[in-house]
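Input: a single structure, listed below in structure tokens.
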Amino acid sequence: MPELPEVETVVTVLKRRILGLTIQNIDIYYDKMMDEDTKTLLIGKTISDITRQGKYICFHLNPYVLISHLRMEGRYFFKDIDEPKLKHEHVVFTLSDGLSLRYHDTRKFGTFDLRHLSDYKVVPPLSQLADEPFQIDPKALYKTLKSKHKAIKTALLDQSIIAGIGNIYADEILFSTRINPHRMTSKLTQKDTTNVVNAAILILNQAILSGGTTIRTYVSELGVSGRFQLKLMVHQREGEHCYVCGGSIVREVINGRSSFYCKTCQKR
DNA sequence: AACGAAACCTGCGCGC
DNA sequence: TGCGCGCAGGTTTCGT
């Protein structure tokens, strides 16, 4: 499901609902999702803050941080404790207000990592994370890209180069800057790089304002669903006409991911 | 260093 | 109706 804007939306909703609450119990229904040690250490802890770094959600539970990654299909729901557990609810947190926070994940790709508050940013997985478009220095990014030999589309998806961008927004950012997804990063100019950063900020912010995107309805909270407000220019539009030149949008696999672009607008 | 393929999982839509 | 295939917003791992 999520790229940075969707995760941001989830964090906003979670903060509104569970800040200051204490974890009274955790039920794990899929062993691989969370280990027993983590569960034991977290029971009795209070959620003092919830932050986001890239696509990771950080629950601050002094002296620990529970780091949650939704991967493709992870979602959080709030429900009454006595509501029956659904098939894809794998971790259920019982909170001190009497509600349960349920982690739902059809494909079971999501992860939970427990770290210490004192150093969680400098150990994996967060230590691998680059700056987000909002903070990244375009000059530093240009230098990084110059030193790599890979397609720009691949680089935008590499969280150690720039954090928070996923497959949808990578395509949209490249269309917006008229850069062909196959273009080698070493051939990008400083101006191209600055354009990419600016486009990323603009597009991600728009998506955050819409409460996340886009393709399927996604629910960040019971009763609050992601809307389809952000108009996608190229992603998932194979064979349709380009809104700018009228040409046909193509789909090609790059780095194992579907990539949509306009061959006329986005020259190599 | 970089690429591709496979792995981790499940469900959906499609053609036959 | 059923079956097999390809596809999915992410990331890691392994071989070349």
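So you know, we letter chains A, B, ... as the sequences are listed, proteins then strands, and number each from 1. When reading the values below, keep in mind they use all heavy atoms of this one structure, side chains included, and skip hydrogens, waters and symmetry mates.
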**Item:** For Lys15(A), salt bridge (Lys or Arg N to Asp or Glu O under 4.0 Å) partners two or more places apart
**Value:** Asp49(A)

[N] phosphate, OP1 or OP2, under 4.0 Å from [X] side-chain N/O:
X	N	answer
Gln159(A)	dT11(C)	yes
His69(A)	dG10(C)	no
Lys55(A)	dT11(C)	yes
Arg257(A)	dG9(C)	yes
Thr154(A)	dC3(B)	no
His88(A)	dG11(B)	yes
Tyr56(A)	dG10(C)	no
Lys87(A)	dT10(B)	no
His235(A)	dG9(C)	yes
Lys148(A)	dA1(B)	no
Arg71(A)	dC9(B)	no

Mind calculating the distance between [atom1] ([X]) and [atom2] ([N]) to the nearest angstrom?
X	N	atom1	atom2	value
Arg75(A)	dG10(C)	CZ	P	15 Å
Phe112(A)	dG10(C)	CZ	C1'	15 Å
Asn255(A)	dA5(B)	CG	C1'	11 Å
Gln128(A)	dT12(C)	CD	C1'	11 Å
Gln236(A)	dG13(B)	CD	P	13 Å
Phe109(A)	dT10(B)	CZ	P	9 Å
Ile168(A)	dA8(C)	CD1	C1'	10 Å
Ile162(A)	dT11(C)	CD1	P	13 Å

Can you tell me how far [atom1] in [N] sits from the matching atom in [M], rounded to whole Å?
N	M	atom1	result
dA2(B)	dG9(C)	P	24 Å
dT10(B)	dT1(C)	P	24 Å
dC14(C)	dC9(B)	P	16 Å
dC3(B)	dA8(C)	C1'	22 Å
dC8(B)	dC3(C)	C1'	24 Å

Both distances below 3.5 Å, Watson-Crick or wobble geometry, any strand: find the nucleotide opposite [N].
N	value
dT1(C)	none
dC9(B)	none
dG9(C)	none

**Arg251(A) side chain, from C-beta outward: closest of dG11(B), dA2(B), dA8(C)** =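 Output: dA8(C).
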
**Request:** Among the candidates dG9(C), dT10(B), dG10(C), find the nucleotide nearest to the side-chain atoms of Lys108(A).
**Result:** dT10(B)

**Test: Lys231(A) and Glu172(A) ion pair at under 4.0 Å** =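 No.
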
**Request:** For residues 112-141 of chain A, pull every pair meeting side chain to side chain donor-acceptor pair (under 3.5 Å), keeping only residues two or more places apart or in separate chains.
**Result:** Arg52(A)-Glu132(A)

**Prompt:** Strictly by modelled atom types, are Thr22(A) and Thr46(A) linked by a side-chain donor-acceptor pair under 3.5 Å?
**Reply:**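 Result is yes, a qualifying pair exists.
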
**Prompt:** So, Tyr103(A) versus His90(A), ring centres under 6.0 angstrom or not?
**Reply:** no

**Item:** Ring centers of Phe260(A), His235(A) separated by less than 6.0 Å
**Value:**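 Close enough - the centres of the two rings lie under 6.0 Å apart.
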
**Message:** Consider side chain to side chain contact (heavy atoms under 4.5 Å, CB included). Of Tyr76(A), Phe78(A), Phe93(A), which one does Ile18(A) pass it with?
**Reply:**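 So the option named by the test is Phe78(A).
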
**Message:** What's Gly166(A) touching, base or sugar-phosphate or nothing? Going by heavy atoms closer than 4.0 Å.
**Reply:**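 Sugar-phosphate: the residue Gly166(A), judged by heavy atoms under 4.0 Å, touches backbone atoms but no base.
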
**Item:** Sugar-phosphate, base or nothing in reach of Thr111(A), heavy atoms under 4.0 Å
**Value:** nothing

